[in-house]
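Because the structure is predicted, anything quoted here is derived from the model rather than measured. Reckoned from all heavy atoms, side chains included, excluding hydrogens, waters and symmetry mates. Counting starts at 1 for both ligands and their atoms, following the listed order.
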Amino acid sequence: MAKKDIDWGNLAFGYSKTDYRYVSNYKNGAWDDGILTTDDQVTLSECACVFQYAQTCFEGLKAYTTEDGHIVTFRPDLNAERMQTSAARLEMPVFPKDRFIDAITQVVAANEDFVPPYGSGATLYIRPYMFGSDPIMGVKPANEYQFRVFCAPVGPYFKGGAKPITIRVTDFDRAAPNGTGHVKAGLNYAMSLHAIVDAHNQGFNENMYLDAATKTYVEETGGANFMFVTKDGTVVTPKSDSILPSITRRSLLYVAEHYLGLKVEERPIPLEEVYDMAECGLCGTAAVVSPVGKIVDHGKEILLPSGMNEMGPITKKLYDTLTGIQMGRIEAPEGWIHVIK
Ligand code: PLP
Ligand code: COI
């Protein structure tokens, strides 16, 4: 086995086809055994439920090459659990947790040559997803489903990697109270496409969504949760029933408290309070920890004291510790690292 001839250091966050993917079909009330296949194409009825009523959910996690040469994934059990929550909310059958982890393990092992080398700055992004696959005309859930996992080597989500980004507070809503914001439904992302295109057209990297009911509290961006550091060094993240429970954010809170000895708070954060924050970052599998340097709130600029050149000092410590755990430089809490080989 030899690594593929890829310019690892210059990869963007994007799709490229790797050799193998996993497919399992659900029919007559049961999942089949599932297979690895080289076929990257999906052929479905023109009336498949996913096309008509967006019955689909997905996950995202990464595989890393560690300092000592192992290939690992980070907390895949939490992705499996979150996908079960997403599936249940969308009236889809759940894919068993042990089979989810097995599917990920098989896909990464089969595509070993695509796992970026240690120190390259790239990682292997893994995308499990599920969709209603049989023809459905009246509004109701599908009877048949497909679960798939593919992967692709990727670089940083935001160009420039660790360079602080500029975001805006948007008037668009991402998720309603009692809606689907807390699950990883494709429809949440469809909702966000117009807002992100508009943000990019206006020169912003991302949108900060506020709670749809009162437009008072910070929710998240289209693809990451927020973390803030107050001027007295407390790490604060928004608590809301309509944001995705980010595995990265939950891990960062643990790291902040137990590895760095910082005070942490998970609570509603009024936008007003953001004007007084010392640091701000976006956290997620794709985003890792991406620093925010400027937030534009309807023409008013919030300039984070950490500036536009580098990560704030606490954000940097969190980033270094989390990625250190993921790449095997720092001992992980029990159960966080799933060794593939
Ligand atoms: N919020 C949204 C809307 C996302 O799409 C993601 C990405 O998965 C996150 C937050 C971060 O979640 P995680 O850290 O589990 O990747
Ligand atoms: C992830 O971080 O895995 C996501 O799904 C976010 C998406 C914006 C790529």
When the side chains of residues 328-341 are checked against the rest of the protein, which donor-acceptor pairs come out under 3.5 Å, sequence neighbours left out?
unit_1 : atom_1 : unit_2 : atom_2 : d
Arg329 : NH1    : Tyr118 : OH     : 3.0
His338 : NE2    : Thr105 : OG1    : 2.9
Lys341 : NZ     : Glu112 : OE2    : 3.2

Worked verdict on Lys4 versus Thr18 for side chain to side chain contact (heavy atoms under 4.5 Å, CB included):
CA-CA 10 Å; Lys4 299 285 174 184; Thr18 56; over 6 Å; no

Could you go through ligand 1 and list every pair where one of its N or O atoms sits under 3.5 Å from a protein N or O, giving the atom names and the distance to one decimal?
unit_1   : atom_1 : unit_2 : atom_2 : d
ligand 1 : 1 (N)  : Glu220 : OE1    : 2.5
ligand 1 : 5 (O)  : Lys184 : NZ     : 3.0
ligand 1 : 5 (O)  : Tyr189 : OH     : 2.5
ligand 1 : 8 (O)  : Lys184 : NZ     : 2.9
ligand 1 : 12 (O) : Ser246 : OG     : 3.4
ligand 1 : 14 (O) : Ser246 : OG     : 2.6
ligand 1 : 14 (O) : Ile247 : N      : 3.2
ligand 1 : 14 (O) : Thr248 : N      : 2.8
ligand 1 : 14 (O) : Thr248 : OG1    : 2.5
ligand 1 : 15 (O) : Arg82  : NH1    : 2.7
ligand 1 : 15 (O) : Arg82  : NH2    : 3.1
ligand 1 : 15 (O) : Ile247 : N      : 2.8
ligand 1 : 16 (O) : Thr285 : N      : 2.9
ligand 1 : 16 (O) : Thr285 : OG1    : 2.5

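For the residue pair Asn205 / Thr166, no side-chain donor-acceptor distance below 3.5 Å is found, with atom types taken as modelled.
In this structure, ligand 2 sits under 4.0 Å from heavy atoms belonging to Phe13, Phe58, Gly60, Tyr125, Arg127, Tyr157, Lys184, Gly223, Thr285, Ala286.
You'll find the ring centres of Phe150 and Tyr129 inside the 6.0 Å limit. Residues Tyr145 and Phe147 keep their aromatic ring centres 6.0 Å or farther apart.
Minimum interatomic distance between Ser246 and Gly284 (heavy atoms only, all atoms of both residues): OG-CA, 4.3 Å.
Remark: Lys163 engages no residue in a salt bridge (charged side-chain N to carboxylate O under 4.0 Å, His left out) (not counting sequence neighbours).
Within 6.0 Å of OH on Tyr217 lie no more than 12 heavy atoms contributed by other residues, nucleotides or ligands.
No side-chain heavy atom of Asp173 sits under 4.5 Å from any side-chain heavy atom of Glu219.
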